[in-house]
Amino acid sequence: MTRRIGICTGGGDAPGLNAVIRAFVKCSLKEYDWEVVGIEDAFNGLLDEPRRLMVLDGPSCQGLLHRGGTILGTTNRGDPFGWPSKGGPVDRSQDLADAVREEGLEGIVCIGGDGSQAIALRLMNERGIPMIGVPKTIDNDLSATDYTFGFLSAVEVARDALDRLHTTAESHDRVMFLEVMGRDTGHIALSAGIAGGADIILVPEIPYDPNRLAAKIQQRKALGRPFTLVVVAEGAYPMGMASVAPKERKAEIAASGGAGPLAMTLLRGLVDAEMRCTVLGHIQRGGSPIAFDRILATRFGVGAARLVAEGRWGQMVRLRDNHIEGVALKEAVARQRSVDVNGELVGTARATGIEFGG
Ligand code: F6P
């Protein structure tokens, strides 16, 4: 009886998802002769009627390595424990377990971020569905792995944007703000800021004092550099908001037009300079993965196949000290990784004169 293994992609997309699928399928066919069953739109493909599944074979994987997005589709609203319905969220986790059994799936490889992995853990613990996790997010804030694929591709997009903003800022003697993604953490802003030569980097881990930013801009002007590049993580906020609860704080930032426009507005009152703001948004999520992410995604896909072959359900593949290994899903979802404000990368940025506002 051929073993049938399910695979799905959940949460926000990221460059490299298709490379993981491709590697898992190629390894499964070459070394184990399994049948790989793609589940569309996270777990929805097993809960919708008719079910939306696709058998993944060699031809399915052609041209996937460099292709952004996910051929399986994904969703941020795919929680089987809180299934959206007219009357409000419904627990359909048992329906999912029934569907897995009816489809003859031995288990599911779930490629996703912290939210998806937390759901996978619950499905395993509460409904007995064998799960293997593959970490994915452009935010790179899963503490159980040194890197998630998609992160450095997003950093590269932001770096390119900064290079472009540099020439126009210099030409117009302007202060240019670039808002980047990172739902709760500032990894993209920090790395892109260093790579793109930003003068100021604002991250949620370091609430900023607008007066310090104004002083930096004035200092640059006095040194004959009357333009400034400011990278703003979408969760960054001024010190005045530090005592506001995170949920309310995010609402206040959104009401101000976002973290980038908010920082610009605060500085407009302190600095005599023309200012503009660019919000990079989902451009950081789209497009083809860079080489690093194609390699990491391929390593994760093969690593997931090894975990399945060894029967190590309940684990997630991860990169640790440049080795691919398995880690218990419960450890993987335990803690989000914030920017280390006392770490080497922030220290390096400060040592080159980059201002964080705090
Ligand atoms: O978690 C990845 C991420 O891109 C965050 O950086 C961002 O805040 C969020 O997803 C955007 O989610 P959505 O695609 O639902 O707008």
Side-chain angles (χ1 to χ4, degrees), residues 8-18 20 41-44 68-70 72-79 82 84 110-120 133-145 147-159 161 177-193 201-205 231-237 246-263 277-290 293 296-297 300 316 332-333 335-339:
C8 70
T9 51
D13 71 315
L17 279 169
N18 282 323
V20 178
D41 296 340
F43 300 108
N44 293 4
T70 162
L72 295 178
T74 185
T75 175
N76 286 342
R77 295 180 301 283
D79 183 357
C110 174
I111 311 169
D114 51 1
S116 303
Q117 302 307 339
I119 291 170
V134 180
K136 169 277 321 168
T137 176
I138 65 165
D139 297 354
N140 199 36
D141 57 5
L142 292 179
S143 59
T145 182
Y147 279 98
T148 53
F149 64 87
F151 166 63
L152 288 179
S153 293
V155 169
E156 184 58 15
V157 170
R159 186 278 313 155
F177 295 77
L178 177 69
E179 182 185 310
V180 297
M181 280 188 160
R183 197 197 320 266
D184 304 312
T185 58
H187 298 290
I188 295 175
L190 177 56
S191 292
I201 298 176
L202 305 181
V203 296
E205 295 88 347
V231 184
V232 189
E234 63 179 317
Y237 57 91
K247 195 173 174 191
E248 285 70 24
R249 183 166 62 224
K250 287 195 174 187
E252 275 188 43
I253 292 171
S256 307
L262 171 60
C277 182
T278 301
V279 178
L280 212 42
H282 288 70
I283 293 174
Q284 297 157 97
R285 288 253 295 273
S288 181
I290 64 172
D293 283 336
L296 181 57
F300 277 173
M316 181 183 85
V333 299
R335 197 166 42 86
Q336 185 177 66
R337 180 184 46 235
S338 296
V339 164

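Read the numbers this way: they start at 1 and go in the same order the structure lists the ligands and their atoms. Here, residue 1 is the first one in the sequence, and each next residue gets the next number. The figures here come from the full heavy-atom set of this structure, side chains too, leaving out hydrogens, waters and symmetry mates. Small disclaimer: the values here were computed from a predicted structure and weren't measured.
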A.B. asks: If we only count heavy atoms from C-beta on, is the Asn140 to Ile188 side-chain gap below 4.5 Å?
C.D. replies: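 They are not in contact (no side-chain heavy atoms under 4.5 Å apart), so the answer is no.
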A.B. asks: For salt bridge (charged side-chain N to carboxylate O under 4.0 Å, His left out), just list the numbers for Glu252 and Arg249, CA-CA rounded to whole Å, side-chain angles, deciding distance to a tenth of an Å, and then say yes or no.
C.D. replies: CA-CA 5 Å; Glu252 275 188 43; Arg249 183 166 62 224; over 6 Å; no
A.B. asks: Step by step, would you call Asp114 with Gln336 a side chain to side chain contact (heavy atoms under 4.5 Å, CB included)?
C.D. replies: CA-CA 8 Å; Asp114 51 1; Gln336 185 177 66; 4.0 Å; yes
A.B. asks: Heavy-atom distances under 4.0 Å decide this one: backbone, side chain, both or neither, for Ile188 against ligand 1?
C.D. replies: neither
A.B. asks: Does at least one non-hydrogen atom of Gly182 fall below 4.0 angstrom from an atom of ligand 1?
C.D. replies: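 Gly182 counts as a contact of ligand 1 under the 4.0 Å cut-off.
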A.B. asks: Considering only non-hydrogen protein atoms, determine which one is nearest to atom 10 (O) of ligand 1 and report residue, atom name and distance to 0.1 Å.
C.D. replies: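 The answer is Arg285 NH1, 3.1 Å.
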A.B. asks: What protein heavy atom sits nearest atom 8 (O) of ligand 1, and how far away is it?
C.D. replies: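 That would be Glu234 OE2, 2.6 Å.
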A.B. asks: Show your working on salt bridge (charged side-chain N to carboxylate O under 4.0 Å, His left out) between Asp184 and Lys250 and close with a plain yes or no.
C.D. replies: CA-CA 10 Å; Asp184 304 312; Lys250 287 195 174 187; 2.5 Å; yes
A.B. asks: So which atom in Pro261 and which in Ser256 form the shortest heavy-atom distance, rounded to 0.1 Å?
C.D. replies: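 Reported closest heavy-atom pair: CB-O, 3.9 Å.
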A.B. asks: With a 4.0 Å cut-off on heavy atoms, is His282 in contact with ligand 1?
C.D. replies: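 Yes, His282 has heavy atoms under 4.0 Å from ligand 1.
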A.B. asks: Which of these, Asn76, Asn140, Thr74, has its nearest heavy atom closest to atom 15 (O) of ligand 1?
C.D. replies: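 The residue whose heavy atom sits nearest atom 15 (O) of ligand 1 is Asn76.
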A.B. asks: Would you confirm whether Ser153, through its side chain, and Ile290, through its main-chain N or O, come within 3.5 Å as a donor-acceptor pair?
C.D. replies: yes
A.B. asks: Identify, for atom 6 (O) of ligand 1, the protein heavy atom at the shortest distance, and state residue, atom and that distance.
C.D. replies: Asp139 OD1, 2.7 Å
